Chemist: 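Here it is: the structure, laid out below.
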Amino acid sequence: MIRDFRLGYRTLGTLNAEKSNAVLWPTWLGGKSENLLQFLGPGKVVDTTNYFVILVDAIGNGVSSSPSNNSKQPLMKFPVFTIRDMVEAEHRLLTEVLHISHLRAVMGISMGGMQTFEWAVAYPDFMDLAIPMAGSPQSTSFDKLVWAAEIDAIELDPAWNNGNPTGPLARGFAVSEEIDQMTLTSPAYRVARTTPKDFDAFLADLKKRAVGDGGAASNQIRQREAIISLDIPGEFGLTLAESAKKVRAKLLVVVSPQDHHVNPIPAREFADAIAAPIVTLDSTCGHISLACISVGPTVARFLADPASVHSETLHDGVNH
């Protein structure tokens with residue numbers, strides 16, 4: 001139980017009289033709803049002149065109830081939560097606060113994509129469309145290794161003091177960020193972007209920016225624990241293919257083969273099980289391929305007419 005629970009959200013656009021144009025978009029790991037504003041508006045991923053968009057701050061991001069802002073359950077006294085808990089909170093927001101009982105679409109990037117998969121299986125009749133981007137229905141052993149290593153790096157900082165921080169965790173955050181940067185893109189991306197001569201400056205800048213206190217550390221740990229535990233098929237006692245067949249919404253899956261941050265294999269297998277279209281991003285940008293290849297036009301077409309979108313590969317025209 002999370003006491004005095006609060007959920008941050010913001011809305012853009014206008015809900016139509018039929019309440020048929022609502023789009024839910026939850027945040028990624030560590031992200032805030034303000035980070036998603038860049039994708040909204042005329043000519044962007046979701047046109048807010050046509051859709052009523054609800055951006056939701058996921059539990060543990062420092063805006064919604066989090067270890068960093070809950071006085072009754074501070075830091076690691078804050079309960080362990082799951083991706084499903086995020087979805088349940090969002091469902092209550094929609095039904096109890098905004099009085100919306102059906103969505104045109106649920107969509108999200110990375111941890112937002114994980115929530116999208118969870119939504120599609122847990123509430124299959126709640127939306128017409130589901131668009132997980134760089135997300136997954138199930139964390140693989142490689143995913144778990146990455147997130148566990150980042151948690152360990154934070155907790156090995158002497159200032160962590162077994163969850164009773166004595167000051168800033170500069171060392172722990174720095175090592176965690178080094179791990180993050182190794183998996184966020186790809187070896188080819190980093191080699192092309194940072195020469196050996198420039199590496200020391202790159203590392204110094206990374207360490208300079210990787211700072212945080214006990215609250216930020218606890219937020220990062222709890223959200224990563226939620227990702228580590230992600231197992232939608234296991235949650236329902238099903239195989240991956242069987243869980244996919246619970247989906248009734250039209251599904252569009254966006255993945256990058258070079259994603260070393262969120263392994264793309266479960267998402268592809270999930271889509272293949274129900275013959276859902278897959279947009280493959282051919283880019284060395286890896287997990288951040290959505291920043292290197294625009295999927296906005298494809299998503300906009302899918303929102304308007306899902307039958308018009310088929311599996312395709314989009315190529316990165318820039319030499320990274």
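All of these numbers come straight from a predicted model, not from anything done at the bench. Sequential numbering from 1 along the given sequence is applied to the chain's residues.
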Chemist: Under 4.5 Å between side-chain heavy atoms, counting indirect links through other Ile/Leu/Val/Met/Phe/Trp/Tyr residues: same cluster for Ile288 and Ile109 or not?
Modeler: no
Chemist: Treating Glu177 as the side-chain partner and Val211 as the backbone partner, does any N or O pair qualify as donor plus acceptor under 3.5 Å?
Modeler: no
Chemist: What are the two closest heavy atoms between Ser33 and Leu55, and how far apart are they?
Modeler: O-CD1, 3.5 Å
Chemist: Taking the six-membered ring for Trp, are Phe39 and Trp28 parallel (under 30°), tilted (30 to 60°) or perpendicular (over 60°)?
Modeler: perpendicular
Chemist: Side chains of Leu281 and Val254: closer than 4.5 Å at any heavy-atom pair?
Modeler: yes
Chemist: When you measure from the side chain of Ser64 to the backbone N and O of Gly8, does any donor-acceptor pair fall under 3.5 Å?
Modeler: yes
Chemist: Decide yes or no on side-chain contact (heavy atoms from CB on, under 4.5 Å) for Val253 and Phe117, but give the supporting numbers first.
Modeler: CA-CA 10 Å; Val253 172; Phe117 277 115; 4.2 Å; yes
Chemist: If you take all heavy atoms of Ile59 and Ala89, which pair is closest and at what distance?
Modeler: CD1-CB, 4.3 Å
Chemist: According to salt bridge (charged side-chain N to carboxylate O under 4.0 Å, His left out), does anything in residues 145-168 pair up with another residue at least two apart or in another chain? List the pairs.
Modeler: Glu150-Arg224
Chemist: As an exercise, state the distance from CD1 of Ile151 to CG of Leu156, rounded to the nearest 0.5 Å.
Modeler: 11.5 Å
Chemist: Give, for atom CE of Met182 and atom CD1 of Ile179, the distance between the pair rounded to the nearest 0.5 Å.
Modeler: 6.0 Å
Chemist: Can any side-chain N or O of Asn69 pair as donor or acceptor with the backbone N or O of Gly62 at less than 3.5 Å?
Modeler: yes
Chemist: Is the closest side-chain heavy-atom distance between Thr298 and Glu312 below 4.5 Å?
Modeler: yes
Chemist: What's the spacing between Lys197 NZ and Thr194 OG1 if we round to 0.5 Å?
Modeler: 12.5 Å
Chemist: Flag the pair Phe52 / Asn16 as yes when at least one side-chain heavy-atom distance between them is below 4.5 Å, and no otherwise.
Modeler: no
Chemist: Check the pair Glu178, Leu203 against side-chain contact (heavy atoms from CB on, under 4.5 Å), reporting the backbone distance first and the verdict last.
Modeler: CA-CA 8 Å; Glu178 288 169 8; Leu203 188 62; 3.6 Å; yes
Chemist: With a 4.5 Å heavy-atom cut-off, do Phe173 and Pro168 have their side chains touching?
Modeler: no
Chemist: Are the side chains of Tyr123 and Leu94 in contact, using a 4.5 Å heavy-atom criterion?
Modeler: no
Chemist: Could Arg301 and Asp305 be called an ion pair, given the rule that one side-chain N must be under 4.0 Å from one carboxylate O?
Modeler: no
Chemist: What pair of heavy atoms forms the shortest contact from Asp316 to Ser283, and how long is it?
Modeler: OD2-OG, 2.9 Å
Chemist: For atom OH of Tyr9, decide whether the heavy atoms of other residues, nucleotides or ligands shown that lie under 6.0 angstrom number more than 12.
Modeler: no
Chemist: Looking at residues at least two apart in the chain, or sitting in another chain, which of them share a side-chain hydrogen bond (donor to acceptor under 3.5 Å, both in side chains) with Ser101?
Modeler: none
Chemist: Shared ILVMFWY cluster between Leu240 and Met114, side chains joined below 4.5 angstrom?
Modeler: yes
Chemist: Where is the tightest heavy-atom contact between Phe302 and Leu251, given as atom of each residue plus distance?
Modeler: CZ-C, 3.8 Å
Chemist: Walk me through it: do Thr280 and Arg268 pass the test side-chain contact (heavy atoms from CB on, under 4.5 Å)?
Modeler: CA-CA 10 Å; Thr280 301; Arg268 293 190 66 95; 3.1 Å; yes
Chemist: Please tell me whether Trp119 and Leu93 are part of a single hydrophobic cluster in this structure, the criterion being side-chain heavy atoms less than 4.5 Å apart.
Modeler: yes
Chemist: I'd like to know whether Met86 forms a side-chain contact (heavy atoms from CB on, under 4.5 Å) with Met111, so could you lay out the CA-CA distance, the side-chain angles of the two residues, the decisive distance to 0.1 Å, and finally the verdict.
Modeler: CA-CA 10 Å; Met86 297 175 187; Met111 192 179 77; 3.7 Å; yes
Chemist: I'd like to know if the side chain of Asn61 reaches the main chain of Gly31, judged simply by a donor and an acceptor atom lying under 3.5 Å from each other, with no hydrogens or angles considered.
Modeler: yes
Chemist: Within a strict 4.5 Å, meaning less than it, do heavy atoms of the Phe81 and Glu225 side chains meet?
Modeler: no
Chemist: Shortest non-hydrogen contact from Arg104 to Ser20?
Modeler: CB-O, 3.6 Å
Chemist: Is the closest side-chain donor-acceptor distance between Asn219 and Ser68 under 3.5 Å?
Modeler: yes
Chemist: Whether the side chain of Thr284 engages the backbone of Ser186 through a donor-acceptor N/O pair (distance < 3.5 Å, no angle test) should be reported.
Modeler: no
Chemist: Please check if any side-chain donor atom of Ser66 sits under 3.5 Å from a side-chain acceptor atom of Arg222, or the reverse.
Modeler: no
Chemist: Give me the atom names and distance for the closest heavy-atom approach of Gly60 to Pro67.
Modeler: CA-CD, 4.3 Å
Chemist: Strictly below 4.0 Å, N to O, side chains only: are Glu242 and Lys245 in salt-bridge contact?
Modeler: no
Chemist: Within a strict 4.5 Å, meaning less than it, do heavy atoms of the Leu252 and Pro306 side chains meet?
Modeler: no
Chemist: Could you tell me whether the side chain of Ser176 and the main chain of Gly172 form a donor-acceptor pair under 3.5 Å?
Modeler: no
Chemist: Can you label the angle between the Phe199 ring and the Phe202 ring as parallel, tilted or perpendicular, going by 30° and 60°?
Modeler: tilted
Chemist: State yes or no: do Phe270 and Ile227 share one hydrophobic cluster built from I, L, V, M, F, W and Y residues joined by side-chain heavy-atom distances below 4.5 Å, directly or via other members?
Modeler: yes
Chemist: Look only at the side chain of Ser256 and the backbone of His287, and say whether a donor-acceptor pair between them is shorter than 3.5 Å.
Modeler: no
Chemist: Once rounded to the nearest 0.5 Å, what's the spacing between atom OG of Ser110 and atom CE of Met133?
Modeler: 10.5 Å
Chemist: Under 3.5 Å, side chain of Asp198 to main-chain N/O of Ala201, donor-acceptor pair present?
Modeler: no
Chemist: Looking only at atom types and distance, does a side-chain atom of Gln73 sit under 3.5 Å from a main-chain N or O of Pro79, one as donor and one as acceptor?
Modeler: no
Chemist: Considering only residues two or more places apart or on different chains, which pairs with a residue in residues 130-148 satisfy side-chain hydrogen bond (donor to acceptor under 3.5 Å, both in side chains)?
Modeler: Gln138-Asp231, Thr140-Asp143
Chemist: Roughly how far, to the nearest 0.5 Å, is CE of Met107 from CG of Leu36?
Modeler: 9.5 Å
Chemist: Determine whether a donor-acceptor pair (N or O, by modelled atom type, separation under 3.5 Å) exists between the side chain of His102 and the backbone of Asp125.
Modeler: yes
Chemist: Val45, Leu103: one ILVMFWY side-chain cluster at the under-4.5 Å cut-off?
Modeler: no
Chemist: Do NZ/NE/NH1/NH2 and the carboxylate oxygens of Glu88 and Arg84 come within less than 4.0 Å?
Modeler: yes
Chemist: Once rounded to the nearest 0.5 Å, what's the spacing between atom CD1 of Ile278 and atom OG of Ser311?
Modeler: 5.5 Å
Chemist: Does Arg10, at its CZ atom, have more than 12 non-hydrogen atoms belonging to other residues, nucleotides or ligands within less than 6.0 Å?
Modeler: yes
Chemist: Decide yes or no for Val97 and Leu7: does some side-chain heavy atom of the first lie under 4.5 Å from some side-chain heavy atom of the second?
Modeler: no
